[in-house]
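Since the model is a prediction, treat every value here as computed from it, not as a measurement. When reading the values below, keep in mind they use all heavy atoms of this one structure, side chains included, and skip hydrogens, waters and symmetry mates.
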Amino acid sequence: SKPKQRFTTLRQRAVGRSADLTEFTDGQRQDLSDRTIMSSSRDAPTADHRAAVAKLYKQLADIRLGSNQDIFRAQARIAMADGVGSFTRLTVQVNLFEGSVSVLGKDEHKEELREYARKNGQRRALGCFALTEVGAGVVSGMVVQTTAKRQEDGSWLLHTPTELAAKNWISQALVAKYAVVLATTSDEKTQEEFGVNAFFVDLDEAVKTKRVTIADMGHKTVANDLDNGRITFNQLRLPASAIMDACGLGKGFAVVFQRLLTGRLGIADAMLLAMRRNFDEWMASIRDRVCLLSSDGSSARRLVDMPRVANAIRVYERDYAYWRKYVDVVKRELLESLDKQVAPDRELTEKVAVAKIGCVDHALTQLLVLKREIGAHVLKQQPPSLQVDGALCGQFAEGDTHVLQEKIARDCLRALQKRPVGWVTDVVKRKRSLTEAMHTLVLGGQLAASALFGAAASSAASPTVKSKAIRAWHDCWRQVYRLAEARQAQVVHRATNQ
């Protein structure tokens with residue numbers, strides 16, 4: 001039918017064709033809550049997964065629970081030695097899972113983790129962090145379609161209403177004992193909505209109820225020592241105590257977002273360190289390589305002194321020093337904020353985002369440039385600490401680069417809206433602004449777009465206004481990213497020249 005064909009087309013655009021996503025009708029897409037088949041499964045971890053878990057237990061022994069300084073140090077060691085899979089596993093365990101429980105969890109959740117450790121020779125319980133979904137991954141702006149409805153007895157029914165709502169790419173899902181699951185909450189009887197909240201779920205026990213399916217995502221191009229799973233819930237009943245509402249009902253998403261900050265900065269640091277190791281290894285292999293410039297051998301030059309190679313090396317060293325200085329500044333600020341148990345302000349949040357965006361881009365760019373300029377010599381090396389697909393993982397982990405850049409641009413426009421009209425006119429006349437990209441937006445007649453966007457940010461905005469705002473935003477997407485890039489440069493400059 002035409003409705004089904006239209007939906008399939010939209011789905012293909014959003015998530016692409018996938019053999020394991022079967023076609024389903026609009027009716028099924030809207031509501032699959034009448035499923036009655038009682039079945040569940042959990043794919044077994046591979047030998048590589050089990051070996052990686054054994055390594056993780058050793059790493060956890062050196063990390064004090066809740067110590068952000070220990071976490072950063074461990075991430076740095078792993079980035080230099082063990083690669084993307086081990087880095088991601090550690091970050092998920094100590095930052096996203098344990099960090100969320102420590103901030104949002106009830107006392108009984110924390111005691112359950114402590115009791116598990118006591119019973120298992122102080123081995124901490126493995127956990128995962130279930131946020132991203134099939135139809136709402138990192139580029140969606142963190143949309144959550146999984147639902148949790150409160151029942152009259154206070155319990156919650158956790159449910160995956162559509163196939164697109166299944167939790168997807170969940171790191172450590174096959175080996176985790178527990179999970180922090182993000183779901184959109186409401187009251188079954190009154191239909192009152194409470195926003196997105198986190199739930200503490202015992203996956204081992206949940207699988208026994210035959211209301212949960214955890215499937216292996218399969219082979220990847222990188223980090224196959226890390227298990228990634230797809231989790232589907234079928235009206236899983238959770239006790240009233242399962243909700244992690246220590247900071248208040250509906251406020252958990254904002255707190256979880258703060259946990260992403262340490263992960264983002266950890267990724268930034270890891271990208272710098274891993275790329276530095278690549279560079280040092282490549283330089284060691286070519287430092288004494290000689291290029292003959294004449295057939296009789298009378299004229300020769302070292303490879304590192306050839307103009308293109310020498311320039312690539314200079315650019316790398318310059319950019320590495322630039323980002324190293326910035327990340328160290330931001331790390332000190334973030335650790336100070338976390339140690340004081342003060343929520344990072346908007347300025348620090350932006351600085352962390354800029355660090356992640358910039359360091360991932362630095363790693364991706366330098367990987368390609370240096371390999372191209374050094375040539376075949378890099379092919380003889382052992383697999384480098386950081387490969388292109390590993391750096392790409394950094395791009396979309398803990399907040400996709402493009403989503404973060406759009407937020408930076410939106411914040412710039414909101415700041416512009418607060419300025420008097422005369423200020424905007426004066427800026428245009430003098431052609432002097434915070435950024436060249438801001439000029440592009442203003443001179444290109446995009447002030448209307450920014451005004452619409454500001455109106456759409458209001459909860460009282462009509463659907464028509466919001467639709468126009470989104471359309472205007474998308475129409476000037478190139479300027480949006482130019483604005484974000486210019487703002488990023490300004491943030492780094494201010495932070496490193498105080």
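Using a cutoff of 4.0 Å between basic side-chain nitrogens and carboxylate oxygens, E336 and R332 are not scored as salt-bridged. One finds no salt bridge joining E317 and R314 here, because no Lys/Arg side-chain nitrogen approaches an Asp/Glu carboxylate oxygen to under 4.0 Å. Between K356 and D400 there is no salt bridge, since no side-chain nitrogen of the basic residue lies less than 4.0 Å from a carboxylate oxygen of the acidic one. The pair D328-R324 counts as a salt bridge, with a side-chain nitrogen and a carboxylate oxygen less than 4.0 angstrom apart. A salt bridge is absent between K55 and D225; no separation between the charged side-chain nitrogens and carboxylate oxygens falls under 4.0 Å. In summary, R118 and E111 engage in a salt bridge, as defined by a charged side-chain N under 4.0 Å from a carboxylate O. The pair E350-K407 does not count as a salt bridge, with every side-chain nitrogen at least 4.0 angstrom from each carboxylate oxygen. Between R482 and E485 there is no salt bridge, since no side-chain N of the basic residue sits under 4.0 Å from a carboxylate O of the acidic one.
Summarising the local packing, CZ of R478 is surrounded by 12 or fewer heavy atoms from other residues, nucleotides or ligands at distances under 6.0 Å.
For D361 (side chain) and I357 (main-chain N/O), no donor-acceptor pair under 3.5 Å exists by modelled atom type. Under the 3.5 Å distance criterion, the side-chain polar atoms of T185 are left unmatched by any main-chain donor or acceptor of A148. In terms of modelled atom types and a separation under 3.5 Å, the side chain of K220 and the main chain of L226 share a donor-acceptor contact. At least one donor-acceptor pair under 3.5 Å links the side chain of D227 to the backbone N or O of A173. With S337 contributing its side chain and E333 its backbone, the two residues share no donor-acceptor pair below 3.5 Å. Checked by atom type and distance alone, the side chain of R124 pairs as donor or acceptor with a backbone atom of L60 at under 3.5 Å. In terms of modelled atom types and a separation under 3.5 Å, the side chain of Y326 and the main chain of K351 share a donor-acceptor contact. A donor-acceptor pair under 3.5 Å is formed between the side chain of T496 and the backbone N or O of V492. A donor-acceptor pair under 3.5 Å links the side-chain atoms of R264 to the main chain of E398, judged by distance alone. No side-chain donor-acceptor contact under 3.5 Å links H493 to the backbone of Q490.
Residues A125 and F97 come closest through the heavy atom pair O-CE2, 3.9 Å. Annotation for T349 and P344: closest pair OG1-O, 3.9 Å, computed over non-hydrogen atoms. Contact detail for F87 and A270: the closest heavy-atom pair is CE1-CB, 3.5 Å. Heavy atoms only, all atoms of each residue included: F129 and V92 are closest at N-CG1, 4.2 Å. The two atoms that bring A409 and L483 nearest to each other are O-CD2, 3.7 Å, heavy atoms only. The minimum heavy-atom distance linking L404 with G399 is given by the pair CD1-O, 3.6 Å.
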Next on the checklist: Between E373 and V369, is the side-chain contact (heavy atoms from CB on, under 4.5 Å) condition met? List the steps.
Outcome noted: CA-CA 6 Å; E373 299 303 341; V369 170; 4.3 Å; yes
Next on the checklist: Go through it in stages, so that I can follow the logic: the residues are K149 and D187, the test is salt bridge (Lys or Arg N to Asp or Glu O under 4.0 Å), and I'd like the CA-CA distance, side-chain angles, deciding distance and then a yes or no.
Outcome noted: CA-CA 5 Å; K149 295 185 178 181; D187 187 278; over 6 Å; no
Next on the checklist: Working note: H109 + F200, criterion ring-ring contact (aromatic ring centres under 6.0 Å, His included); need CA distance, chi angles, decisive distance, verdict.
Outcome noted: CA-CA 7 Å; H109 301 151; F200 185 78; 4.6 Å; yes
Checklist entry - How far apart are the C-alpha atoms of V212 and T232, what are their side-chain angles, what is the distance that settles it, and do they pass the side-chain contact (heavy atoms from CB on, under 4.5 Å) test? => result CA-CA 6 Å; V212 179; T232 304; over 6 Å; no
Checklist entry - Checking side-chain contact (heavy atoms from CB on, under 4.5 Å) for the pair L182/T146: CA distance, chi angles, key distance, verdict? => result CA-CA 7 Å; L182 278 295; T146 299; over 6 Å; no
Item to check | L96/V180 under side-chain contact (heavy atoms from CB on, under 4.5 Å): CA gap, chis, key distance, verdict | outcome: CA-CA 8 Å; L96 295 181; V180 170; over 6 Å; no
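Judged by a 6.0 Å distance limit and a 45° cone about the ring axis, K331 is positioned over the six-membered ring of F72. With Y320 as the aromatic partner, R276 meets the cation-pi criteria of under 6.0 angstrom to the ring centre and within 45 degrees of the ring axis.
Rounded to the nearest 0.5 Å, atoms NZ (K177) and SG (C128) are 12.5 Å apart. For the atom pair T147 OG1 and L157 CG, the distance stands at 8.5 Å (nearest 0.5 Å). Taken to the nearest 0.5 Å, the CG atom of L126 stands 12.0 Å off from the CG atom of L174. Of the inter-residue distances, the one linking N197 atom CG with D245 atom CG reads 7.0 Å to the nearest 0.5 angstrom. Summarising the geometry, atom NE2 belonging to H159 is positioned 11.5 Å from atom CZ belonging to F233; distances are rounded to the nearest 0.5 Å. The distance from the CG atom of D389 to the OG1 atom of T221 is 3.5 Å, given to the nearest 0.5 Å.
Under the ring pair (Phe, Tyr, Trp, His ring centres under 6.0 Å) rule, H362 has a single partner from Y316, F279, Y322, which is Y316. Here the rule is side chain to side chain donor-acceptor pair (under 3.5 Å) with Q75, and of D269, D70, T91 only T91 fits it.
H402 and F396 have their aromatic ring centers separated by at least 6.0 angstrom.
By the 4.5 Å heavy-atom criterion applied to side chains, I214 and V207 are counted as neighbours. Taking 4.5 Å as the limit, every side-chain heavy atom of Y178 sits out of range of all side-chain heavy atoms of V201. A 4.5 Å side-chain heavy-atom check between D216 and H49 finds at least one atom pair inside the cut-off. A heavy-atom distance below 4.5 Å is found between the side chains of Q405 and T401. Looking at R150 and I243, their side chains never come closer than 4.5 Å, going by heavy atoms from C-beta outward. Two residues are said to be in side-chain contact when any heavy atoms from C-beta on lie closer than 4.5 Å; Q235 and L158 fail this criterion. Counting only heavy atoms from C-beta outward, the side chains of S155 and L238 never approach each other to under 4.5 Å. Counting heavy atoms from C-beta outward, T213 and I231 have side chains that stay 4.5 Å or more apart.
Pairs passing the side chain to side chain donor-acceptor pair (under 3.5 Å) check and including a residue from residues 166-176, sequence neighbours excluded, read R89-Q172, Q93-Q172, E133-K167, N168-R230, S171-N228.
A donor-acceptor pair shorter than 3.5 Å cannot be found between the side chains of T184 and Q145. When only modelled atom types and interatomic distance are considered, E192 and S186 share no side-chain donor-acceptor pair under 3.5 Å.
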